[in-house]
Amino acid sequence: MLDRKFLRENRELVTAAVAAKRDTVDVGAYYSADGERRACLQEFEELQAEANRANKAIAAGRKSGADTGADIARMKEISVRLKDLRQQADAAEAAAETLYLRLPNVPHASVRTGGEQDNTVVRTWGEIPAPAFAVKPHWDLGAELGIMDLEAAARMSGSGFTLLTGQGARLERALINFMLDVHLEQGYVEVNAPYLVNRDAMTGTGQLPKMEEDMYACPLDGLYLIPTAEVSVTNMHRQSTLDWERLPLKYVAFSPCFRREAGAAGKDTRGLLRVHQFHKVEMVQFVRPGTSYETLETLTDDAEEILRRLGLPYRVVALASGDLSFAAAKCYDLEAWAAGVGKWLEVSSCSNFEDFQARRAGIRAKGPDGAVFVHTLNGSGLALPRVLVAILENYQTPDGRVRVPEVLRPYLGGLEHLG
RNA sequence: GGAGAGGUUGCCGAGUGGCUUAAGGCGCACGCCUGCUAAGCGUGUGUGGGGAAACUCACCGAGGGUUCGAAUCCCUCCCUCUCCGCCA
């Protein structure tokens with residue numbers, strides 16, 4: 001979330017930012033709720049101060065043995081009014097808070113204002129393959145090779161779930177290990193964090209309250225399944241003060257990700273393109289404010305490194321304001337080319353949240369100018385299903401097999417071909 | 001799941017209804033002193049909210065309650081530790 005004082009002093013900017021993000025939250029309602037909140041608070045606090053003074057008078061009177069009857073009667077009267085004012089103030093606070101949590105982050109100045117069509121390709125790497133044979137989409141190829149059984153997955157869980165078998169399952173595991181190893185080389189610390197988290201954690205990173213419908217939940221326990229390891233890794237340090245000298249902290253985590261994809265029905269639904277449960281390797285960094293935009297570039301490059309080593313052609317897309325997520329100030333998507341479906345597939349999102357998440361989650365560091373909120377960033381490195389798609393489709397051979405990228409062979413016992 | 005013990009402002013830790021604006025210690029910062037990184041002395045040192053400011057309010061795991069008044073009494077819940085049970 002944004003600083004309350006910043007909000008108060010930058011009403012126009014915030015209103016414009018919400019519009020640029022295509023967010024539907026009622027900004028005006030927030031401002032009037034906040035005004036109401038402050039008015040109520042002031043009234044309540046004045047009376048509270050009076051009660052505190054009266055209380056001291058009673059204490060002093062008792063000590064000296066004076067008659068406190070009149071003071072107590074007065075306290076009684078104040079106490080009744082106080083209860084009333086507190087209720088009012090609590091209600092006003094809650095109303096303002098609800099809207100406060102729904103206000104999105106403000107896009108960085110370098111972000112283009114506009115919708116998805118205004119996203120811009122920043123750079124492209126590799127050659128788009130032009131095979132001389134008809135490349136099969138991964139859903140056909142996967143079934144033929146016996147490494148994928150989507151029908152079986154649908155029978156037990158419904159559409160949008162995957163089942164990898166044999167070399168398919170092994171290939172994914174190889175990719176996970178490969179990705180983790182590369183990020184370890186890059187200086188990240190590997191962590192294994194919970195896949196179920198509470199409401200506070202989800203609110204801390206900004207998934208809640210806005211994305212409630214997109215999340216799987218266990219209502220009996222008040223827990224949610226993480227849509228990305230970003231949630232658990234960022235919340236590692238919630239409500240704590242980090243050591244300034246040890247920043248930046250760089251973490252990498254492998255985790256399953258659970259997404260209801262409400263409202264996305266009918267879009268990219270075939271095969272592995274959009275699924276309710278998938279695996280992902282995620283990088284998260286906690287950095288000093290002022291360094292986060294340099295870090296966004298290096299973090300993005302750390303993710304690109306995976307694609308380069310795998311030999312997958314990709315492009316880097318700078319998202320326009322309307323395509324940015326709720327909490328992000330700036331974001332690059334990495335898109336890998338998939339020859340079978342003939343599309344660029346989003347395999348990573350690298351975002352800078354500035355202090356938006358840190359303020360929500362209470363993550364500080366004591367710098368030279370006192371305690372400040374750190375900046376948080378994260379990026380996929382990478383999401384598995386679509387990388388699997390790109391490999392199956394780009395590395396296809398005319399005889400219907402798949403060549404294994406060199407860097408993965410050590411992870412597969414030297415295997416050179418699938419099938 | 002059962003029994004017990006706990007959760008206090010960075011850490012340790014005092015504190016069973018008003019004299020707590022939470023003692024004291026440690027750590028940390030600044031200064032003093034000392035002829036040289038020790039000892040000693042002094043001062044300061046949490047977070048959040050409101051206010052232009054002076055200043056003020058809240059926060060003792062969370063939420064309710066009792067009371068004129070709650071860190072302190074009562075209830076519910078959460079977490080940690082020990083033991084037992086169950087279990088991948």
Side-chain angles (χ1 to χ4, degrees), chain A residues 1-10 30-101 103 192-204 218-224 232 235-247 249 256 286 355-374:
Chain A
M1 58 202 168
L2 299 160
D3 180 55
R4 282 202 168 102
K5 280 190 179 131
F6 173 85
L7 285 167
R8 218 168 296 150
E9 290 159 9
N10 297 279
Y30 166 74
Y31 279 100
S32 51
D34 185 56
E36 175 72 11
R37 164 183 157 270
R38 279 181 295 147
C40 285
L41 215 54
Q42 217 158 33
E43 205 183 339
F44 165 71
E45 285 184 358
E46 270 166 31
L47 194 62
Q48 181 68 255
E50 199 183 332
N52 286 345
R53 283 192 295 272
N55 192 38
K56 270 179 194 161
I58 294 171
R62 286 216 150 189
K63 200 176 166 190
S64 67
D67 177 35
T68 56
D71 288 323
I72 287 181
R74 201 170 127 63
M75 260 298 258
K76 267 187 186 169
E77 179 205 323
I78 292 174
S79 184
V80 171
R81 277 199 292 149
L82 205 53
K83 201 168 260 181
D84 204 45
L85 281 179
R86 193 171 81 173
Q87 265 173 12
Q88 269 183 46
D90 284 352
E93 172 80 44
E97 184 73 8
T98 301
L99 287 158
Y100 185 41
L101 286 171
L103 294 177
N192 246 324
Y195 304 148
L196 286 162
V197 301
N198 62 31
R199 223 185 142 78
D200 286 344
M202 280 295 185
T203 307
C218 307
L220 284 181
D221 303 290
L223 294 172
Y224 295 81
S232 13
N235 277 287
M236 273 171 71
H237 295 304
R238 75 174 284 106
Q239 299 298 329
S240 49
T241 303
L242 304 176
D243 185 349
W244 180 263
E245 295 306 323
R246 291 184 56 198
L247 297 179
L249 297 178
F286 300 81
D355 63 6
F356 190 85
Q357 292 182 326
R359 183 174 289 105
R360 285 185 164 232
I363 307 168
R364 300 182 176 80
K366 254 177 213 155
D369 305 318
V372 293
F373 290 112
V374 301

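Keep in mind that this is a model prediction, so the values were computed, not measured. Letters A, B, ... mirror the listed sequences (proteins, then strands); counts begin at 1.
- B/G85 is unpaired under the Watson-Crick or G-U wobble criterion, no partner having all donor-acceptor distances under 3.5 Å.
- For A/Glu93 and A/Arg53, each mapped to the nucleotide of RNA chain B holding its nearest heavy atom, the one lying further toward the 5' end belongs to A/Glu93.
- Nearer the 5' end of RNA chain B, as judged by each residue's closest nucleotide, is the contact made by A/Gln48, out of A/Met75 and A/Gln48.
- Side chain of A/Asn10 to main chain of A/Phe6: a donor-acceptor pair is present (N/O by atom type, distance under 3.5 Å, no hydrogens or angles).
- Side-chain contact between A/Leu242 and A/Arg364 is absent, with no heavy atoms from C-beta onward closer than 4.5 Å.
- Nucleotide B/G17 is matched to nothing when pairs are restricted to Watson-Crick or G-U wobble geometry with both distances under 3.5 angstrom.
- The nucleotide B/U66 finds no pairing partner, because no Watson-Crick or G-U wobble arrangement with both distances shorter than 3.5 Å includes it.
- A 3.5 Å limit on both hydrogen-bonding distances identifies B/U80 as the Watson-Crick or G-U partner of B/A5.
- In terms of phosphate contacts, A/Arg38 brings a side-chain nitrogen or oxygen within less than 4.0 Å of OP1 or OP2 of B/G51.
- Counting any heavy atom pair closer than 4.0 Å across all strands shown, A/Asn52 reaches sugar-phosphate atoms only and no base atom.
- Atom C1' of nucleotide B/G50 and atom CG of A/Leu7 are separated by 16 Å, given to the nearest angstrom.
- Atom CD in A/Gln87 sits about 14 Å away from atom C1' in B/G65, given to the nearest Å.
- Annotation: B/C83 and B/G44 have their P atoms spaced 46 Å apart (nearest Å).
- Note: CG (A/Leu223) to C1' (B/C79) measures 14 Å, nearest angstrom.
- In this entry the distance linking CG of A/Leu47 with C1' of B/C68 reads 13 Å, nearest Å.
- Of the listed nucleotides (B/G51, B/G48, B/C57), B/G48 has the atom at the smallest distance from the side chain of A/Phe373.
- Atom C1' of B/G46 sits at a distance of 8 Å from the matching atom of B/G10, rounded to the whole Å.
- If you take atom C1' in B/C33 and the same atom in B/A38, they sit 13 Å apart, rounded to whole Å.
- The gap from the C1' atom of B/G69 to that of B/G18 amounts to 7 Å, rounded to the nearest Å.
- A salt bridge is defined here as a Lys NZ or Arg NE, NH1 or NH2 lying under 4.0 Å from an Asp or Glu carboxylate O, and A/Arg4 with A/Glu93 meets this definition.
- With rounding to whole Å, A/Leu82 atom CG is found 9 Å from B/A58 atom P.
- Spacing between B/U16 and B/U67 at atom C1', rounded to whole Å, works out to 16 Å.
- Set against B/G48, B/U66, B/G69, the side chain of A/Lys83 has B/U66 as its closest nucleotide.
- We find that CG of A/Asp221 is positioned 10 Å from P of B/G1, with the value rounded to whole Å.
- Among the candidates A/Arg238, A/His237, A/Gln239, the single residue satisfying the side-chain contact (heavy atoms from CB on, under 4.5 Å) test with A/Asn235 is A/Arg238.
- Under the Watson-Crick or G-U wobble criterion, with both distances below 3.5 Å, B/G24 is paired with B/C12.
- Regarding contacts with the backbone of B/G49, every side-chain N or O of A/Arg37 stays at 4.0 angstrom or more from both OP1 and OP2.
- Under the 4.0 Å criterion applied to side-chain N and carboxylate O atoms, A/Arg81 and A/Glu46 are not assigned as salt-bridge partners.
- Classification of A/Arg74 and A/Asp71 as a salt-bridged pair fails, no side-chain N sitting under 4.0 Å from a carboxylate O.
- When heavy atoms are screened at a 4.0 angstrom cut-off, A/Arg8 is found touching the sugar-phosphate backbone but no base atom.
- With both ends at atom C1', the span from B/U82 to B/A88 equals 24 Å, rounded to whole Å.
- The number of heavy atoms from other shown groups lying within 6.0 Å of CZ (A/Arg86) does not exceed 12.
- Base-pair partner of B/A58: B/U47 (Watson-Crick or G-U wobble, both distances under 3.5 Å).
- Contact annotation for A/Arg74: no contact, since no heavy-atom pair falls under 4.0 Å across all strands.
- Rounding to whole angstrom units, CZ of residue A/Arg86 and C1' of B/G64 are separated by 10 Å.
- The A/Glu45 side chain lies nearest to B/G49 when the options are B/G51, B/C68, B/G49.
- Spacing of C1' atoms, B/C12 relative to B/G63, comes out at 28 Å, to the nearest Å.
- Minimum interatomic distance between A/Leu85 and A/Leu47 (heavy atoms only, all atoms of both residues): CD1-CD2, 3.6 Å.
- Residue contacts for A/Leu41: at a heavy-atom cut-off of 4.0 Å it reaches the sugar-phosphate backbone alone, with no base atom in range.
- Between A/Asp34 atom CG and B/G50 atom P the separation is 7 Å, expressed in whole Å.
- Here, B/U47 and B/U8 have their C1' atoms 15 Å apart, quoted to the whole Å.
- Phosphate contact (OP1/OP2 of B/G69, side-chain N/O of A/Ser79, threshold under 4.0 Å): present.
- Base pairing of B/G31: its partner is B/C41, meeting the Watson-Crick or G-U wobble criterion (both donor-acceptor distances under 3.5 Å).
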